[in-house]
Amino acid sequence: MTVLGIETSCDETAAAIVRGPVQREILSNTIRSQIDEHTEFGGVVPEIAARAHIEVLDRIVAEAMNDSGCSWDDLDAVAATAGPGLIGGVIVGFMTAKAIAMAADKPLIGVNHLEGHALTARLTDDLDFPFLLLLVSGGHSQFLMVRGVGDYERLGTTIDDAIGEAFDKTAKLLGLPYPGGPHVEKMAAKGDVRRFRLPRPLLDRPGLDMSFAGLKTALRTQAKKLEPVDDQTIADLCAGFQRAVSDVLATRTGTALNLFRERHPQSEPVIVVAGGVAANQEIRNALTHAAAEAGARFVAPPMHLCTDNAAMIAWAGIERMQLGPVNDMSLPPRPRWPLDSENAGILGAGKKGAKV
């Protein structure tokens, strides 16, 4: 099957053509970032994001089609993010996908953005169900049991800030440019991780929930004590913050893998990390080490498929199509759509949790 994917949930406008499930080929993957539009505001402005999607989406889709060498007749379906995300951007992408599907007489697949991240490892690594997923992005930080397409159980989440949000707020607090995450990582590479011992919230409690607001507050307190902070102090604070986040994730990952073994003793223990924060190299290294200590396999998509992209949306559409006929023309775009909700993955397709 050959599927056009469209992604506009936040500040990347993306379109891709993916073929699968046997070949698992990304024929094109075009992404246009909105960093320039949002830099002066220090974060994503929803209305500006939606307008930027409107201005470029037609061209991005045309580029993806041209790069793939496919015609409209070659497509089997159109898949697009229907949520969750900034609702203005989601509407732009999903309504465009509806128009294309109607004009080309193709079925439409409304994809849960988080499911796109969750299933990316099956595109890149031919991974079998079940597996454990750590989803870390600007808006989400969750451990999920992935038992099949549309069959997800949330095991733990952040009780306050998502990890990506905490990175961005930390960068802003220290006067670093937007987007914050990459700049914190860059400064941390120059810092002394031993200078500031920042807290590891909730690690004294059982379970898999996480908290990052207190860590951010502790960093702010340290910075205030040392004002005006010089570049080395900023680097040291970034190093301490990044190490604290990595330690929390590594410790929780070990606990999650133990739970996976209890639930699925006959399955190979696998931890998949997905989402934009998965591009952070120190976090990847910490999770790789945690998996090795637990005797588990660690899987992370390539860096360019960790951040928001349309290839993951097209692939999720292919996964959905294998469960039966899909046409989500009546599906409304939505700002919130929990991945572990009853209808998170298979609206309009029927069988929840079918194995592919």
Side-chain angles (χ1 to χ4, degrees), residues 1-9 12-32 57-82 93-94 96-129 131 146 148-150 272 274 299-329 331 345-349 351 354-356:
M1 292 178 284
T2 304
V3 174
L4 164 65
I6 294 175
E7 156 60 21
T8 56
S9 65
E12 278 91 18
T13 309
I17 312 295
V18 175
R19 181 170 292 152
V22 178
Q23 303 97 324
R24 301 195 309 277
E25 294 179 277
I26 300 176
L27 303 181
S28 65
N29 191 24
T30 305
I31 304 174
R32 194 269 184 185
L57 182 55
D58 288 353
R59 176 173 58 81
I60 295 298
V61 170
E63 286 184 13
M65 290 294 294
N66 184 65
D67 291 347
S68 71
C70 293
S71 68
W72 299 112
D73 290 338
D74 294 324
L75 297 180
D76 293 291
V78 179
T81 298
F94 198 48
T96 298
K98 283 189 175 185
I100 293 172
M102 291 182 68
D105 193 24
K106 306 293 180 182
L108 173 74
I109 307 167
V111 174
N112 185 310
H113 175 82
L114 304 182
E115 184 167 54
H117 282 301
L119 298 177
T120 298
R122 283 173 53 81
L123 167 63
T124 59
D125 291 78
D126 193 23
L127 192 64
D128 292 329
F129 297 120
F131 58 85
V146 181
V149 178
V272 174
V299 177
M303 294 290 191
H304 69 282
L305 294 179
C306 285
T307 52
D308 291 350
N309 65 90
M312 70 180 190
I313 302 302
W315 175 256
I318 290 172
E319 294 263 33
R320 287 266 313 277
M321 288 177 70
Q322 293 184 87
L323 303 181
V326 181
N327 199 335
D328 291 335
M329 279 294 183
L331 178 66
I346 317 182
L347 288 183
K351 299 176 291 183
K355 305 299 185 290
V356 177

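Keep in mind that what you see is a predicted model, and the values were worked out from it rather than measured. Scope of the values below: all heavy atoms of this structure, side chains included, with no hydrogens, waters or symmetry mates.
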Check: [Y] and [X] side chains under 4.5 Å, non-hydrogen atoms:
X	Y	value
Ile17	Ser28	yes
His304	Ile31	no
Leu305	Asn29	yes
Asp308	His117	yes

With rounding to the nearest 0.5 angstrom, report the [atom1] to [atom2] distance, [X] to [Y].
X	Y	atom1	atom2	result
Thr2	Glu25	OG1	CD	8.5 Å
Leu4	Asp74	CG	CG	12.0 Å
Ile318	Arg24	CD1	CZ	11.0 Å
Thr307	Glu7	OG1	CD	10.0 Å
Ile100	Leu75	CD1	CG	9.0 Å
Leu119	Met312	CG	CE	10.0 Å

What pair of heavy atoms forms the shortest contact from [X] to [Y], and how long is it?
X	Y	result
Ala79	Val111	CB-CG2, 4.0 Å
Leu331	Gly110	CD2-CA, 3.8 Å
Met321	Ala77	SD-CB, 3.6 Å
Phe94	Ile109	CE1-O, 4.5 Å
Ala314	Val3	CB-O, 3.7 Å
Ala97	Val78	CB-CG1, 3.8 Å

Check whether [X] reaches the backbone of [Y] with its side chain - one donor and one acceptor, N or O, closer than 3.5 Å.
X	Y	value
Asp67	Ala64	no
Thr8	Gly93	yes
Glu115	Gly150	yes
Arg122	Leu127	yes

Quick one, Asn309 with Thr120, criterion side-chain contact (heavy atoms from CB on, under 4.5 Å). Give me CA distance, side-chain angles, the key distance, then yes/no. CA-CA 10 Å; Asn309 65 90; Thr120 298; 5.5 Å; no

Angle class for the Phe129/Phe131 ring planes (parallel below 30°, perpendicular above 60°, tilted otherwise)?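 The arrangement is parallel - the two ring planes meet at less than 30°.
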
Neighbour count >12 (heavy atoms, 6.0 Å) for atom CE, Met102: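 No - once you tally the heavy atoms of other residues, nucleotides and ligands closer than 6.0 Å, there are 12 at most.
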
